[in-house]
Amino acid sequence: TAGIFTDIPNNGAGPFTNLTYSPAGIGSLIDTSTGKIDCTSLPLGSVIFIRNDFTITPSINNSTVEFRYTLGNGGGSYTLPTTIARLDGGAGIPYRFALNADKIYMGDTNTRDNPIGLQVKCSSDATLVNAGTVITVG
């Protein structure tokens, strides 16, 4: 829906889901029941690098796409937002975003112990297809 931040779903059932190379002692970093990132098994001071891969198809030319992570809980809730792109190639054209990596620091329990959501907002109605997320622990 135009102008509304919407959760990007991830149920872990995609054909390329691969948990083979998870860090030792760390379970899955995606809670497939919510589609959110779960960092509760990480030590404070660690960092995650996230590469999302999704395609968005706007209904109107010159639409703008924004992305954000939702973090924390209650009065400590916060977001890490970014404007991804302006979609100038035309309406009905799929635009893929797959090469940027984001970094989130586990500097406190509010960040580490609460689910991290992925959300997108398009200035026009649009369709999003999520190809997946890669999470690396540093």
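Since the structure is predicted, the reported quantities are computational estimates derived from the model, not experimental observations. Heavy atoms only: backbone and side chains are in, while hydrogens, waters and symmetry mates are out.
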Test your reading of the model: is there a side-chain donor-acceptor pair from [X] to the backbone of [Y], 3.5 Å cut-off?
| X | Y | result |
| --- | --- | --- |
| Asn11 | Thr32 | no |
| Arg112 | Gly107 | no |
| Thr79 | Pro81 | no |
| Asn110 | Asn73 | yes |
| Ser123 | Thr64 | yes |
| Thr57 | Ala126 | no |
| Ser59 | Asp125 | yes |

Worksheet, complete the sentence: With sequence neighbours left out, the residues meeting salt bridge (charged side-chain N to carboxylate O under 4.0 Å, His left out) with Lys121 are Glu66
Fill in: Residue pair Val47 / Ile104, side-chain heavy-atom distance below 4.5 Å
no
Worksheet entry | Side chain to side chain, Cys39 and Ile116, heavy atoms closer than 4.5 Å | yes
[atom2] on [Y] to [atom1] on [X], rounded to 0.5 Å:
| X | Y | atom1 | atom2 | answer |
| --- | --- | --- | --- | --- |
| Tyr69 | Thr82 | OH | OG1 | 10.0 Å |
| Asn62 | Ser124 | CG | OG | 10.0 Å |
| Leu71 | Leu80 | CG | CG | 5.0 Å |
| Ile56 | Leu128 | CD1 | CG | 5.0 Å |
| Asn114 | Ile37 | CG | CD1 | 13.0 Å |
| Cys122 | Tyr95 | SG | OH | 9.5 Å |

Worksheet item: Does a donor on one side chain sit under 3.5 Å from an acceptor on the other, for Thr133 and Asn52?
Response: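 Indeed, the side chains of Thr133 and Asn52 share at least one donor-acceptor pair under 3.5 Å.
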Item to complete: Return yes when atom CG of Asn100 has more than 12 non-hydrogen atoms of other residues, nucleotides or ligands closer than 6.0 Å, and no otherwise.
Response: no
Item to complete: Please name all residues satisfying side chain to side chain contact (heavy atoms under 4.5 Å, CB included) with Ala131, sequence neighbours left out, ordered by chain then number.
Response: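 Only Asp53 meet the side chain to side chain contact (heavy atoms under 4.5 Å, CB included) criterion with Ala131.
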Worksheet item: Would Tyr78 and Thr111 satisfy side chain to side chain donor-acceptor pair (under 3.5 Å), going step by step from the backbone distance to the final call?
Response: CA-CA 9 Å; Tyr78 65 102; Thr111 300; 2.5 Å; yes
Pairs of donor and acceptor atoms involving the side chains of residues 2-10, under 3.5 Å and at least two apart or interchain, shall be tabulated with distances.
unit_1	atom_1	unit_2	atom_2	d
Thr6	OG1	Ile4	O	3.2
Asp7	OD1	Gln119	NE2	2.8
Asn10	OD1	Gly12	N	3.0

